[in-house]
Amino acid sequence: MRTPIIAGNWKMNKTVSQAVELCRKLESALQDSPVEVVVCPPFTALSAVFALGLTKVKLGAQNMYHADKGAYTGEISPVMLKDVGCQYVILGHSERRQYFKEDDELVAAKAAKALEYGIKPIICVGESIDQRRAGQTAEVVVSQTKGALAKVQPDQVTDVVIAYEPIWAIGTGETSTGDDANEVIGTIRATIAELFGEEKAGQVRIQYGGSVKPENISEFMNQPEIDGALVGGASLAADDFINIVQYK
Ligand code: 13P
């Protein structure tokens with residue numbers, strides 16, 4: 001059985017005090033649930049959130065550099081993320097691929113480095129609207145999945161989380177249908193099985209992301225292949241995120 005995982009990607013939002021306030025609300029309102037809940041605040045708020053000692057919410061970062069330390073101005077290492085309590089790190093988000101020119105090779109290096117430090121990578125894959133219209137969705141996610149997992153060892157792959165985020169559904173209010181996302185996620189799982197075997201692939205958690213809201217979360221969570229969600233905008237408001245995590 002795969003434990004569902006719902007993560008909030010706050011992107012470039014929230015000051016330290018706003019982050020602390022939101023996390024306090026989540027901690028007090030969330031019931032014990034079978035869902036693993038993760039928040040990924042900006043780097044600047046991680047240490048203050050870690051200091052809250054949250055028990056219902058785990059901490060993740062939104063990016064990481066693939067070196068232990070050194071002359072990489074502006075970057076953050078896995079050592080630093082561990083130091084502030086991060087158990088997860090989002091890697092290869094489409095915004096990083098688009099604005100910061102991250103490619104599969106870089107994502108692979110980052111994923112391997114995160115795993116070396118026991119940080120679980122949430123690796124994002126997903127097609128653009130043009131790729132979808134051209135019928136290339138499966139081809140794109142298969143190639144991104146293979147690329148990102150290129151340096152992952154067989155004994156590490158079950159610590160990887162994949163987030164299928166169709167780019168056209170991010171921040172647009174448009175979503176994939178549950179059936180459609182389920183099919184693409186099935187393709188991603190088959191790709192992992194090809195690389196690491198059926199048994200391991202059956203343990204890897206794969207999320208859907210893209211305009212997930214309290215109103216549509218259950219459509220995705222009820223699908224057999226979908227193990228959770230990566231939530232952007234709706235993770236910034238305590239009530240929305242709580243309703244998503246406690247979907248019926
Ligand atoms: P939205 O939920 O705002 O569409 O963002 C999705 C996303 O990019 C999460 O990583």
Side-chain angles (χ1 to χ4, degrees), residues 1-10 23 26-27 29-41 49-50 53-62 81-82 85-93 111 114-115 117-125 145 148-149 152-165 176 178 181-193 195-210 212-214 216-232 234-235 240-248:
M1 269 303 283
R2 302 185 291 265
T3 305
I5 174 166
I6 297 182
N9 173 11
W10 295 4
C23 285
L26 298 179
E27 179 75 6
L30 285 175
Q31 314 291 325
D32 284 331
S33 91
V35 176
E36 195 173 349
V37 184
V38 181
V39 291
C40 303
V49 171
F50 181 44
L54 305 176
T55 61
K56 305 214 178 81
V57 180
K58 291 179 180 163
L59 201 51
Q62 299 174 21
L81 294 186
K82 287 220 85 162
C86 288
Q87 300 181 46
Y88 287 90
V89 62
I90 298 171
L91 296 177
H93 191 281
L115 288 164
Y117 281 89
I119 300 172
K120 296 175 178 158
I122 300 175
I123 298 171
C124 303
V125 301
T145 302
L149 297 180
V152 172
Q153 302 302 314
D155 64 339
Q156 298 174 317
V157 72
T158 53
D159 280 339
V160 171
V161 177
I162 307 277
Y164 167 55
E165 298 206 309
S176 184
N182 191 65
E183 188 185 329
V184 179
I185 287 176
T187 302
I188 295 171
R189 197 178 303 288
T191 306
I192 302 172
L195 298 171
F196 296 96
E198 293 280 348
E199 199 196 327
K200 298 244 190 254
Q203 295 172 58
V204 174
R205 293 174 299 170
I206 311 180
Q207 302 170 308
Y208 168 77
V212 171
K213 304 273 180 290
N216 61 25
I217 180 70
S218 50
E219 175 178 351
F220 298 106
M221 297 307 283
N222 289 335
Q223 296 286 342
E225 292 289 351
I226 304 183
D227 306 312
L230 186 56
V231 186
S235 71
D240 282 348
F241 193 58
I242 289 161
N243 285 328
I244 287 172
V245 169
Q246 296 179 342
Y247 71 96
K248 295 270 185 321

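The model shown is predicted, which means the values in this text are computed figures rather than measured ones. When a residue number appears, it is its place in the shown sequence, counting from 1.
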Who are the ring pair (Phe, Tyr, Trp, His ring centres under 6.0 Å) partners of F241, not counting sequence neighbours?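 Testing F241 for ring pair (Phe, Tyr, Trp, His ring centres under 6.0 Å), a comparison that skips the adjacent residues, returns none.
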Test item: [X] and [Y] side chains (from C-beta on) under 4.5 Å apart, heavy atoms:
X	Y	value
I6	M221	yes
C124	I90	yes
Y247	V35	yes
C23	L54	yes
D240	K213	no
L115	P121	yes

Considering non-hydrogen atoms only, spot the tightest contact between [X] and [Y] and give its length.
X	Y	value
A148	A111	O-CB, 4.1 Å
C86	I119	O-CG1, 4.0 Å
D227	R205	OD2-CA, 3.4 Å
L59	P41	CD1-CD, 3.8 Å
Q207	A229	NE2-O, 3.2 Å
Q31	Q246	N-NE2, 3.0 Å

Looking just at side-chain N and O atoms, do E36 and Y88 make a donor-acceptor pair shorter than 3.5 Å? yes
State whether the side chain of [X] and the backbone N or O of [Y] hold a donor-acceptor pair below 3.5 Å, judged by distance alone.
X	Y	value
K58	Q87	no
E27	T55	yes
E219	G178	yes
N222	S218	yes

For the atom pair [atom1] ([X]) and [atom2] ([Y]), what is the distance rounded to the nearest 0.5 Å?
X	Y	atom1	atom2	answer
I244	I217	CD1	CD1	6.0 Å
T191	L149	OG1	CG	9.0 Å
K200	L195	NZ	CG	13.0 Å

Are more than 12 heavy atoms, taken from residues, nucleotides or ligands other than Q203, located less than 6.0 Å from that residue's CD atom?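 More than 12 heavy atoms, drawn from other residues, nucleotides or ligands, come within 6.0 Å of this atom.
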A quick test of your reading: do over 12 heavy atoms of other residues, nucleotides or ligands sit less than 6.0 Å from CD of E183?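 Counting neighbours around CD of E183, 12 or fewer heavy atoms of other residues, nucleotides or ligands fall under 6.0 Å, so no.
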For the pair I122 and L230, evaluate side-chain contact (heavy atoms from CB on, under 4.5 Å) and give the outcome as yes or no after the intermediate values. CA-CA 9 Å; I122 300 175; L230 186 56; 4.3 Å; yes
In a check of side-chain contact (heavy atoms from CB on, under 4.5 Å) between I226 and each of N182, V184, I206, which one passes?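 Only one of N182, V184, I206 forms a side-chain contact (heavy atoms from CB on, under 4.5 Å) with I226, namely N182.
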Scan the side chains in residues 153-163 for donor-acceptor partners under 3.5 Å anywhere in the protein, sequence neighbours excluded, and list what turns up.
unit_1 : atom_1 : unit_2 : atom_2 : d
Q156   : OE1    : Q153   : N      : 3.0

